[in-house]
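Below is one structure, written out as C-alpha cells, with a few remarks after it.
Lettering follows sequence order; numbering is per chain, from 1.
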Amino acid sequence: MNTDIPKHYDPSREDEIYTRWLEKGYFRASVNPDKKPYTIMIPPPNVTDKLHVGHAFNNTIQDALIRAKRMQGYEALWVPGTDHAAIATEVQVVKALAKEGISKKDLGREAFLARVWEWNDLYGGTIIGQQKKLGISCDWERERFTMDENLSDAVLETFERLYNEGKIYRGERLVNWCVTCQTTISDSEIEHEDGEGTLYHFKYPFTDGSGYITFATTRPETMLGDTAIAVHPEDERYANHLGKSVNVPLFGDKNPREIPLVKDTYVDPEYGTGAVKVTPAHDPNDFEIGERHNLPRVNIMNDDGTINENGGKYEGLPREEARVKIIKDMEALGLFIKEEKITHAKGTHDRCHKIVEPLIKLQWFVRMDELAKPALEVYNTNKVRFHRERYGRIYKHWLEIVRDWCISRQIWWGHRIPAYYCPSGHVTVSKTAPEQCAACGSASLTQDEDTLDTWFSSGIWPFSTLGWPQKTPELDYFYPTNTMVTAKEIIFNWVVRMVFMGLKFMDEIPFTDVLIHGTVLDANGKKMSKSLGNGIDPLEVVEKYGADVLRLAFLNGTAIENDTRFHWERVEFCRNFMNKLWNAARFVLMHTQDTPREVSPNNAEPEVTLLTSAPPATPAPSTRIIPVEDRWILSRVNHLTREVTEKFDSHDLGMATQKIVDFLWDEFCDWYVEIVKVRLRDEEEKPHALATLVRVFTTCLKLLHPVTPFITEDLFLALQTDEETIMRAPWPLYDPALPDPAAEKAMETLKEAVRGIRNIRAEKQVPPAQKITIRIQPNDKDAEDLFTQAKAFLALLCNASEVTLTPHNQPPAANENAVSLVVPSATLHLPLASLIDADKEKARLQKERKRLTQELERIDAKLSNEGYLSKAPANLIAAEREKRESYAAMLNKVENELKGTVN
RNA sequence: GGGAGCAUAGCUCAGUUGGGAGAGCGCAUGCCUUACAAGCAUGAUGCCGUUGGUUCAAGUCCAUCUGUUCCCACCA
C-alpha cells in the first residue's frame, strides 16, 4: 500500500536521480549511423562565472530541446564547456593581485599567466557543477574549454590561414590608453560618468583671409592634431567656404598648418556652430571622418601623456599644461571666444579613475567584406533561420554595415597572436614558433605581445569543440549543428562570427536554427545586476524548490523570445503544480499497487505496459463499449501529443509546457480522475479504467519530461518496470486513429451539465453535504444513451443520490417544482422543492433566454451577411449554422420551461 | 543617431497563418468530498494604448500618434 508515499512533493531526490543518469551514461552521444544527429553547442559561460539566472534560463531551454530530441530517437549531443573570458578573467586576477600590492607589470607575462591559471583552477569551473544542479543533460565527457590545447591549436590555425589569405592585416586603430597605468584598456574597463567639464569656443582663420570659422572643444590640446574642420554638406552658412582651408595658428608663422574644410554628414548642423574640428588620431569619430576624407592622422601624444614632437613648441608638456597654455595662446591671438561649463560623459579607467586617452596604435584586423557576404547569403536564402524572425533582422543589419574586426587585445590572458617580428621589422605568422624570419632569416624573433579577442575563439566553437582542424568522425557526423540558443545581445558579437567562421573553415553553416531568448528581469522589470542587488540566485531556488520547479517557472507560459520578469509567485505556482502531479501519481499508484498488473487476457483494452513503449494502439474490436470518458481523454491526450510535439518543433517551449500543465491539471485531474473514481470502485471496470488512467498519465509524463526531468523520471519509474529511464523512452506519437470528435463533444455536454448543476447548487446554497436528485430528459436516443452511461459519475460529480432518465420518446413528466437546466442535448431537472423561489427561478430562466437570444442574433447577423456567406470559408459557415441550430433548440426548451414555471 | 521590442482583467503575462477575448496570482462565496488545503467547487472583473486604413470579418495586418524598454554607437 501507499501509506509510505509522502503527501507533498519533495525535490530532494534530484541529486540522487542525476547521479544515476550520469552513471548510466544517458547523456552520452556518439557517432551513430543508424540515427540522425541532433546537436547543440552550449554558449560557453565564462570559466570564472557563477551560475546566474541568465545561464539557468538559457540552459533550461537547451536541455528541454535536447531531451525531447533524444526521446524522439535522435542521437542528441549537447556539448558543454567554458570560455576563458579574456578580459573579464584578467581584470579579476589583476584586482586580486592589486590587493597584494602586486601589479601585472611587476610580475611579468609568464608569472602573471601562471597566476591566472592558478586562479582558473581555483575558481574556474564551479559553474559546471552548478549547471549540473539544473539537471541539464550535456555530454560531460565532451566538455571543452577555449584554452584547451586542441582548441588553442584551432585558434592559431584559424589565424594563420586567414593571414595567409590576406584576410588578416595590421592597421592603425584608436585604442583606449590609460596614461597613468601605461596600458591600453578595453571598452568594458571604461566607466562612463557624467562630470563637469568646460567647453571652449575658438575660431580658426581662413587662409584666404576671408574671415573665421568658429568651433568648440572640450579638449583644446587636441587642436595640435587637427587635420580638418568639418561641416554638414547642406549647411548653408558654410556654402561659400567649401573648398577653402583654415590655419591652425599654434605653430607660429614659420610652420603654418593649413587644414581643409570638409563636408561630412556626421556633423550635426543644429549643434553649436555646426563646425567641428577633426582630430583623427585622438577621437573615434574624428578617426572615421578622417578615413572618409583621407585625412592625415597626427598623433600628438606620448604614452606618458605628454605632448610629442608633433606638438611644436608644446612638446614635452603634460597634456593638462598644454591645454592651459594653448588656451592662453589662442586668447593672445584673439582667437579665443569664450568658455562655458557643461556636463558631459567622461570615460575613465575603472581602476585608477583617470581620464582615458584615445591613442593610435597598430592593431590586427580581420577583413570583413568577403567574409560577410556568404554569411548574409545563408540568411537571405533561409539556410540559417532565426526564431523569432525579427532577430534575423538584427543579424542582417549588422552584416550590412559591418566593419573590419579588430581582433588584437592588449592583455595577456588569451590566445597570443602568432605573429613574430624580426629586428628589421618583418612579420612572420605561424601557429608554431618559427626558427627564423621568413623574410630575412633573422633568428632573433619576438612574438607579438597582444592576444586575440575572446570572440575569435568562440567564433569557431561549433567546430573546434568537435576536433577541428583534425577531420574527426564527430565533426563529420555532428556538424553542422542544429540549434544555437543564445541571448539577443550577442547576436553580432557571437552568432555572426560563428556563421562566417563556419562558412569559411567548414564550408558549411554552423547551425540551422538560432533560437534567441530574452532576458530574465527582476519583479519590477529591471535588469538584474550586482550593484542593484536585485539578482535572483538560481541555486537558491533549486535549493528551496528543486530544479524542476525553477525550470518550469522559466518555461511555463512564457514567450521565451521576450524579456520575462522573475516572480516568486510564479515559482510557487510551479511548486504547486509539481505537488499536483505528485499527488496524481499517488492516486494512480494507490490503485495500481493493489491490483494485479495483468488485465484479463481476452480484454481488448491496452495493457498497462503498453503505455510506456509504443504509441497507443487502436483498441481491437470488442463487444465491450468503451466509456465515453475514456474515449474522450484518449482523444484529448492524443491531441495534446500532437500540439506539444509541434510546439517543441517550432521552439515554442512556453506554449508546449503550458498545454501539458493545463491538460494535466484541468482535463486529467479535475475531470478524468474524478470521473474515473466511479469505475475504480467497480471490480470489473477497474482494470480498464486503470489502464486508461496509467496510459494517459504516462504519456503526459513523457511530454513533460524535457521541462521537469526529475519528477517525471521518478514517477515514470514508479509506474512501470519495463524501461529503466524515461530519458530514453520513446516520445509519444500522434495516433491518427484516435481522434474522437463525437466523444469530445459528448463530454463537453456532460461537463456543461455538471458545471450547470454545481452552479445551481452554489446559487441556491444547497449545503455541500446535501444530496440532490437529478431527472434528465434527453432530446433524442443518442443523448439518452450518453446520459445513461454517464449517470453514475454525474451523481458523483454533482453529489446526487439519484439520477433518473426519462426515455427520450416519452413525453416530459408533469411539471414539478424543480429547477431546470438546458444543455445542448437534454434538459435537466433538479427537484429542490424547499429551496425554490418561483420568481427567482423565472428570472434565472429569463436571463438564460436573453443570453441565447443574443447569441442567435449574433449568428443570424453573420449568416445574413452576403459578404460573409460568399467569402468566409465553408467550414466556418457550417459551424455557425450548427451552432445556430443548437442554440435555437436550447432556446426552445428554455421557453417551454418558462411556460411551465409561469403557470 | 542607428537597430529591435513592448502597450490585453487589479498585478504578471499568453494569445502561431485575421473568424465568437485566456491563464496564473489576487479578489468574493462555500467546502478538510479518503490523490492533493501546495487542494476542490462556484463567481466577479476587459471600449485588447490613440486615431485612421485594408477586409465580409482586426487584439491579430498597414499607417499615425502617445507612452515605455532593450541593444549598438555617441554628443565636437
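Of the candidate nucleotides C36(B), A35(B), A14(B), A14(B) has the atom nearest to the side chain of Met655(A). Comparing C25(B), A38(B), A35(B) against the side chain of Phe573(A) picks out C25(B) as the nearest. Side-chain proximity of Pro768(A) to the nucleotides G30(B), C72(B), A35(B) is greatest for G30(B). Taking only side-chain atoms of Arg755(A), from C-beta outward, the nucleotide of G19(B), C36(B), U42(B) with the closest atom is U42(B).
Secondary-structure stems of RNA chain B, taken as three or more successive Watson-Crick or G-U wobble pairs (i with j, i+1 with j-1) under a 3.5 Å distance threshold, comprise B:1-7 with B:66-72, B:10-13 with B:22-25, B:27-31 with B:39-43, B:51-53 with B:61-63.
Contact annotation for Met578(A): no contact, since no heavy-atom pair falls under 4.0 Å across all strands. At a threshold of 4.0 angstrom between heavy atoms, the contacts of Ala216(A) are confined to the sugar-phosphate backbone, with no base atom among them. In this structure, His397(A) reaches the sugar-phosphate backbone alone: every heavy-atom distance under 4.0 Å involves primed, P, OP1 or OP2 atoms, never a base. Using a 4.0 Å heavy-atom criterion, one finds that Ala872(A) contacts the bases of the nucleic acid, with or without backbone contacts as well. As judged by a 4.0 angstrom heavy-atom cut-off over every strand, Phe577(A) is placed among residues making no nucleic acid contact.
The side chain to side chain donor-acceptor pair (under 3.5 Å) test applied to Lys659(A) returns Glu643(A), not counting sequence neighbours. In this view, Thr198(A) and Lys341(A) satisfy the side chain to side chain donor-acceptor pair (under 3.5 Å) rule, not counting sequence neighbours. Residues meeting the side-chain contact (heavy atoms from CB on, under 4.5 Å) test with Thr227(A), sequence neighbours left out: Pro280(A), Leu295(A), Pro296(A), Val298(A). Residues passing the side-chain contact (heavy atoms from CB on, under 4.5 Å) test with Leu876(A), sequence neighbours excluded: Tyr868(A), Pro873(A). Scored by the side-chain contact (heavy atoms from CB on, under 4.5 Å) test, Ile394(A) finds Tyr391(A), Ile491(A), Phe492(A) as partners (sequence neighbours excluded).
For the residue pair Tyr204(A)/Asp226(A), the side-chain donor-acceptor check at 3.5 Å is satisfied.
Residue pairs meeting the side chain to side chain donor-acceptor pair (under 3.5 Å) criterion with at least one partner in residues 212-221 of chain A, sequence neighbours excluded, are Glu221(A)-Arg323(A).
A close approach under 4.0 Å does occur between a side-chain nitrogen or oxygen of Asn576(A) and OP1 or OP2 of G39(B). Note on Lys7(A): every side-chain N or O is 4.0 Å or more away from OP1 and OP2 of A38(B).
Of the residues in residues 874-885 of chain A, those lying under 4.0 Å from RNA chain B by heavy-atom distance are Leu876(A), Lys883(A). A heavy-atom distance below 4.0 Å to RNA chain B is reached by these residues of residues 659-669 of chain A, ordered by number: Trp665(A), Cys669(A).
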Next item on the list: Do nucleotides 4-12 of chain B as a string where each nucleotide becomes B, S or -: B if the base has a protein heavy atom under 4.0 Å, S if just the sugar-phosphate does, - if no protein is that close.
Entry: SS------S
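Aromatic ring centres of Trp665(A) and Phe573(A): separated by under 6.0 Å. Checked against the 6.0 Å centroid criterion, the rings of His517(A) and Phe57(A) qualify as a close aromatic pair.
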Which atom pairs link the protein and nucleotides 26-28 of chain B when you take only N or O atoms and keep those under 3.5 Å?
none

Where do N or O atoms of nucleotides 32-34 of chain B meet protein N or O atoms at under 3.5 Å, pair by pair?
none

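Between the side chain of Lys580(A) and the base of C36(B) there is at least one donor-acceptor pair of N/O atoms closer than 3.5 Å.
With hydrogens and angles ignored, the 3.5 Å screen pairs a side-chain donor or acceptor of Arg761(A) with a backbone N or O of Cys798(A).
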